[in-house]
Amino acid sequence: MIDVYSTATPNGHKVHILLEELGLPYRVHHIDIGAGDQFKPDFLAISPNNKIPAIVDADGPDDKPISLFESGAILLYLAGKSGRFLGNTDREKFTTLQWLMFQMGGVGPMLGQAHHFRIYAPEKIAYAVDRYTNEAHRLYGVLERRLSGQTWLAGSDYTIADIATFPWVRSWQNQGITLSDFPQVQRWFDDIAARPAVQRGVKVLADLRKPLTDDKAREVLFGTSQYAKR
């Protein structure tokens with residue numbers, strides 16, 4: 001049994017989707033990031049950076065439990081454990097890894113900033129909105145060019161690179177994107193969204209997600225609580 005500590009955000013969805021695709025048994029624990037659960041000692045013991053998701057696998061390497069944080073590391077671990085969605089040859093694996101790193105280093109952080117400054121920032125800063133909206137368009141352009149030549153990001157097979165990127169594209173409207181402007185990304189997105197395991201994965205903990213209208217939750221997520229010494 002794999003214990004998953006998470007919530008219904010793009011980074012959480014990555015792991016939920018992969019677990020559903022793999023059919024591995026897992027038990028989910030809701031981390032209410034608006035209430036500050038991510039700062040509790042028990043969670044920090046498995047996720048020192050106070051971010052979701054994190055997992056504990058009782059059946060880890062050498063038959064010993066292992067805990068992991070960082071969604072990309074978790075995807076690599078689960079793909080390696082199962083022997084699926086990573087590629088078979090070295091070439092396929094490194095191609096998958098480069099597109100996973102593209103998501104981790106570019107798509108997630110930059111689209112997240114676009115989302116933040118367009119939707120959540122207490123004041124609209126034109127420079128920030130323009131900078132990150134423009135970067136979002138650039139990144140979608142990279143995806144469009146890549147997907148114009150093949151079905152999936154890493155080539156002919158669906159991999160963890162696709163699983164990692166898909167949840168961020170689900171919020172395209174909040175990033176200032178018109179998805180129909182990127183027809184190959186739209187085709188790729190629709191193909192993934194139609195997968196039954198993906199449909200199950202995005203529902204995990206979704207009923208517990210609350211609109212960010214509470215001042216306390218805003219402070220916990222974006223204020224000084226993030227920087228308190230622990």
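We count residues from 1, following the sequence as given.
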State plainly whether one hydrophobic cluster holds both I119 and W168, where clusters connect Ile, Leu, Val, Met, Phe, Trp and Tyr through side-chain heavy atoms under 4.5 angstrom apart.
no
Evaluation steps, side chain to side chain contact (heavy atoms under 4.5 Å, CB included), between D190 and R187
CA-CA 5 Å; D190 291 343; R187 181 266 308 162; over 6 Å; no
Take the angle between the ring planes of H29 and Y5 and call it parallel below 30°, perpendicular above 60°, tilted in between.
parallel
Any donor-acceptor N or O pair under 3.5 Å, side chains Q175, Y132
no
Under the side chain to side chain contact (heavy atoms under 4.5 Å, CB included) rule, what do S71 and K51 come out as? Steps first, then yes or no, please.
CA-CA 9 Å; S71 58; K51 305 294 183 183; over 6 Å; no
So CG of L143 and CD of Q103: to nearest 0.5 Å the spacing works out to 10.0 Å
I need the single residue from I55, I46, I2, L76 that forms a side chain to side chain contact (heavy atoms under 4.5 Å, CB included) with L68. Which is it?
I55
Can you see which heavy atom on L111 is nearest to which on A136, and at what distance?
CD2-CB, 3.5 Å
Verify same cluster id: Y120, I125 (apolar side-chain graph, 4.5 Å):
no
Could you grab the distance from atom OG of S6 to atom OH of Y26, nearest 0.5 Å is fine?
9.5 Å
With a 3.5 Å distance limit and no angle check, can you tell me whether D32 reaches the backbone of G34 through a side-chain donor-acceptor pair?
yes
Do F189 and R170 make a side-chain contact, defined as non-hydrogen atoms from C-beta onward lying under 4.5 Å apart?
yes
When rounded to the nearest 0.5 angstrom, what distance separates OG1 in T165 from CE in M104?
10.5 Å
Quick one: pull up CG in L19 and OG in S82 and give me the separation to the nearest 0.5 Å.
9.5 Å
What do the steps show when you test F69 against N49 for side chain to side chain contact (heavy atoms under 4.5 Å, CB included), and what is the final call?
CA-CA 8 Å; F69 69 104; N49 195 33; 4.2 Å; yes
Reference residue W172; test side chain to side chain contact (heavy atoms under 4.5 Å, CB included); the match among V185, I177, D181:
I177
Does the S47 side chain pair with the main chain of F43, one donor and one acceptor, at a distance under 3.5 Å?
no
W152-Y140 co-clustered via ILVMFWY side chain contacts under 4.5 Å
yes
How close do G72 and L100 get, heavy atom to heavy atom, and via which atoms?
O-CD2, 4.1 Å
Spell out, as yes or no, whether a donor-acceptor pair under 3.5 Å connects the side chain of E144 to the backbone of Q184.
yes
Test your reading of the model: is there a side-chain donor-acceptor pair from R200 to the backbone of E21, 3.5 Å cut-off?
no
In terms of heavy-atom contacts, does NZ of K124 have more than 12 from other residues, nucleotides or ligands at under 6.0 Å?
yes
Considering all heavy atoms, the nearest Y77-P61 contact
OH-CD, 3.9 Å
Would you find a donor on one side and an acceptor on the other, under 3.5 Å apart, between the side chain of T7 and the backbone of T9?
no
My understanding is that only one of F85, W188, F166, W99 makes a ring-ring contact (aromatic ring centres under 6.0 Å, His included) with Y158; could you say which?
F85
Is it the case that the side chain of E92 and the backbone of T89 share a donor-acceptor pair, with hydrogens and angles ignored and the cut-off at 3.5 Å?
yes
Examine distances only and state if a side-chain atom of D57 and a backbone atom of D59 form a donor-acceptor pair shorter than 3.5 Å.
yes
Distance in Å, Q173 CD paired with R118 CZ, rounded so as to fall on 0.5 Å steps
10.5 Å
Do V56 and V15 share a hydrophobic cluster, counting only Ile, Leu, Val, Met, Phe, Trp and Tyr and linking them when any side-chain heavy atoms are less than 4.5 Å apart?
no
Flag yes if L78 and V4 sit in one hydrophobic cluster, no otherwise; membership is Ile, Leu, Val, Met, Phe, Trp, Tyr, and two members link when side-chain heavy atoms are under 4.5 Å apart.
yes
Nearest-0.5 Å distance that lies between atom CG in D191 and atom CG in L147:
10.0 Å
Keeping the roles fixed (side chain from R84, backbone from A79), state whether a donor-acceptor pair exists under 3.5 Å.
no
Nearest heavy atoms of V198 and A193, plus distance in Å:
CG1-CA, 4.4 Å
Exercise: identify the closest heavy-atom pair between G60 and I66:
CA-CG2, 3.9 Å
For I31, does its backbone N or O pair with a side-chain atom of D37 as donor and acceptor, under 3.5 Å?
no
Checking L97 against F102 for the side chain to side chain contact (heavy atoms under 4.5 Å, CB included) test, could you report, in this order, the C-alpha distance in whole Å, the side-chain angles of both residues, the deciding distance, and whether it holds?
CA-CA 8 Å; L97 283 173; F102 171 73; over 6 Å; no
Kindly assign one of parallel, tilted or perpendicular to the pair H13 and H16, based on the angle between their ring planes and the thresholds 30° and 60°.
perpendicular
Answer yes or no: does atom CZ of R195 have more than 12 heavy-atom neighbours from other residues, nucleotides or ligands under 6.0 Å?
yes
Without swapping roles, check the side chain of D162 against the backbone of L153 for a donor-acceptor pair under 3.5 Å.
yes
Work out which heavy atom in G106 is nearest to a heavy atom in L139; give both atom names and the distance.
O-CD1, 3.8 Å
